[in-house]
Number of protein chains: 2
Amino acid sequence: MKNSQITIKDIAKELGISSSTVSRALKDHPNVSPETKKAVTDLAEKYNYQPNSIALSLRRSKSNTIGVIIPEIVHFFFSTVISGIEDIAYSAGYSVIVSQSNESYDREVMDTFALSKNRVDGILISMSRETTRYDHFETIHKRGLPIVFFDRVCDAINCSKVVVDDFDGAYQVTKHLIQQGYKRIAHLAGPESLILSKHRMDGYKKALKEHNMEFDESIILRGRAADNEMLAKELTTQLLNSDNPPDAMFAINDRAALGVMKAAKEKGLRIPQDFAIAGFSNWEFTAMTDPAITTVDQPGFKMGQEAAKLLIREIEADEDEIIEPETRILKTDLIIRGSSVVAV
Amino acid sequence: MKNSQITIKDIAKELGISSSTVSRALKDHPNVSPETKKAVTDLAEKYNYQPNSIALSLRRSKSNTIGVIIPEIVHFFFSTVISGIEDIAYSAGYSVIVSQSNESYDREVMDTFALSKNRVDGILISMSRETTRYDHFETIHKRGLPIVFFDRVCDAINCSKVVVDDFDGAYQVTKHLIQQGYKRIAHLAGPESLILSKHRMDGYKKALKEHNMEFDESIILRGRAADNEMLAKELTTQLLNSDNPPDAMFAINDRAALGVMKAAKEKGLRIPQDFAIAGFSNWEFTAMTDPAITTVDQPGFKMGQEAAKLLIREIEADEDEIIEPETRILKTDLIIRGSSVVAV
DNA sequence: ACCGTCACCGCAAACGTTTGCGGAATATGA
DNA sequence: TCATATTCCGCAAACGTTTGCGGTGACGGT
């Protein structure tokens, strides 16, 4: 009736044997007679015995739980990553506890220590946008807790990482815009605290250079517009009203791209005839706008899987065995839609 | 260096006192001299002592963890619910472990027992679409594990629930369509296994009746179209090509509404002049389509908060205290957009 | 000098499980 | 018949923490 789950002790008492024997019987240890085994397993089944995983954790000093810290669950990309993590963790016998930093550095620090206090066996992290100091990671990593970064990684910590090929993705999409005939391609950049912002910027630059187009700082939108649709819209409107406006825009992510699109529509530009738009991430809604937005697909599920695999590998490594940190780079996929080509 | 966190025993040994005293000193127990307290707390600080929560859980037979089972994390609505749950759980000192059923009954059963095995203190559930048997809930509930349902609730289990006022939301949105002058309003219904499908249908019927419009089974779309955009589109196309097509559609959710919209656009209908569309849930993308989709906002964050509060209240109730199951009904908000009115 | 009070502290059990070791009973060998 | 294996099982410690209870020493009062 109450939350009194049956324990090994109960079974032992009822059968008049010791808990040791019950424990061994349940795991089919050779040093237990078949009769005893049967008696034990029968009773265990009858009472629906479930081993107390907390006691187990204490005994083994292993919680079989991994912690995940992400900026926000409601972001489509991150929720697909979580699915990937769960997929691997679940089948390897781990529980997943997620916490979100809400893009706040302070909250991220708290989450990190909370997970450590909860004795997770390892942590998967995608940094908040605010994070520029890494002491909290350093601290728990030094303490021996395995960490794997994904997407928003931190170069200062020597551990495994999983990222997408931001450089190549940005290069491909910019090249695509160039090949479509656009002559003056602007870029809405991401926060400089994230390496991926730099990588995407570099990919953009490479494509320009390769096609003998010069990089023009005056059509680069910087600041906090990356995850603020309204701001992205405003800045784009300003840019479109300038003397020498661009005829295309590659935005660091899809949300920003949406702001860009609204600005262009409001200005009366035809998309993609007068103005082309491309984003990054392949968020769910990009297929639903009118026109649909050209973007770069990030394999979120795959990323979650890879990150979880790397982490679990490290968790389950033998004491003496040294695991070399490894960085996996996942390929992106260019998704061409109506915001950059006419007939699609 | 290794994952050897400092323990109470270590501190006790170093100070030459017993673990009992250390434990008491750390929680400012009166029976410990100020000097000892200082020595202990100083050392604890120096070594960055963190109580082992697993040992604590074992001692208290309480894990301070709550489990959440949802159909899919990637659904915008559910991810906002999780945020709400986390918000409350976090500040009450609970960890949250989420698992998704992927709309599969079998998976839901597995998840339920996995959480129970992991000794969570309580479970929050939103049922999968497939679920029609409730033995798994019954089993763990009888065992004394608190359960609270949210959104997709189960009437067969006598426990607390949190839902939105599906009936009223559907009534309001249907009434809105009627008031906009639409004469023949179709309905894309949800799976009959979910009570909310029935409630929304009833709200729809009430609005019709109130305005002397007759309920016509031939413009009710049933089946698996509710979460399948393609199917929703196909069925709508059929309906639009029938002899007496509707001039508006209230879809059970936004994804289906999107399928409806695509069908209408393909058919060449102008929205909202020739055909109006309304959805349910206020998913992120509904504001981004062209035109934006009229829908009913479900307060996901609030729902998560309420559900977590109810659960924690039950978890922390005294042994003898009897908590009466309670059903909270959250108000919805009609969001009027371009898919149902011209000038907006 | 004796007793009671008080402040402070340690012992040991408990939460549920695993596991090295030793012991008893039985079986096998010569 | 005795020595040696073999089979089966229990004891106790361990994981880290909390807590009721009892104990020690100091102190003040008579």
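Just so we're on the same page: letters track the sequence lines, and every chain starts at 1.
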Between [X] and [Y], do the side chains contain an N or O donor and an N or O acceptor separated by less than 3.5 Å?
X       : Y       : result
S128(A) : R107(A) : no
S116(A) : R143(A) : yes
Y90(B)  : D111(A) : yes

Is any side-chain nitrogen or oxygen of [X] closer than 4.0 Å to OP1 or OP2 of [N]?
X      : N       : result
K27(A) : dT18(C) : yes
S33(A) : dC9(D)  : yes
Y49(A) : dG16(C) : no
T21(A) : dG10(D) : yes
K9(B)  : dC15(D) : yes

Using a heavy-atom cut-off of under 4.0 Å over every strand shown, decide if [X] touches base, sugar-phosphate, or nothing.
X      : result
I17(A) : sugar-phosphate
N31(A) : base
T36(A) : sugar-phosphate
S20(B) : base
S23(A) : base

*How do V22(B) and P51(A) order along DNA chain C: which one's closest nucleotide is nearer the 5' end?*
V22(B)
_Both A55(B) and V32(B) contact DNA chain C. Taking the nearest nucleotide for each, which residue is further toward the 5' end?_
V32(B)
Whole angstrom value for the distance that separates [atom2] of [N] from [atom1] of [X]:
X       : N       : atom1 : atom2 : answer
R60(B)  : dG16(D) : CZ    : P     : 17 Å
R24(B)  : dT18(D) : CZ    : C1'   : 9 Å
Q5(A)   : dC15(C) : CD    : P     : 15 Å
R119(B) : dT17(C) : CZ    : C1'   : 11 Å
L58(A)  : dT17(D) : CG    : P     : 9 Å
L15(B)  : dC9(C)  : CG    : P     : 10 Å
L56(A)  : dC15(C) : CG    : C1'   : 13 Å
K62(B)  : dT18(D) : NZ    : P     : 14 Å

*asked:* If you apply the rule ring pair (Phe, Tyr, Trp, His ring centres under 6.0 Å), what do you find for Y105(A) with H136(A), and how did you get there?
replied: CA-CA 10 Å; Y105(A) 167 75; H136(A) 51 308; 5.5 Å; yes
*asked:* Working note: T65(B) + N118(B), criterion side chain to side chain contact (heavy atoms under 4.5 Å, CB included); need CA distance, chi angles, decisive distance, verdict.
replied: CA-CA 9 Å; T65(B) 303; N118(B) 271 41; over 6 Å; no
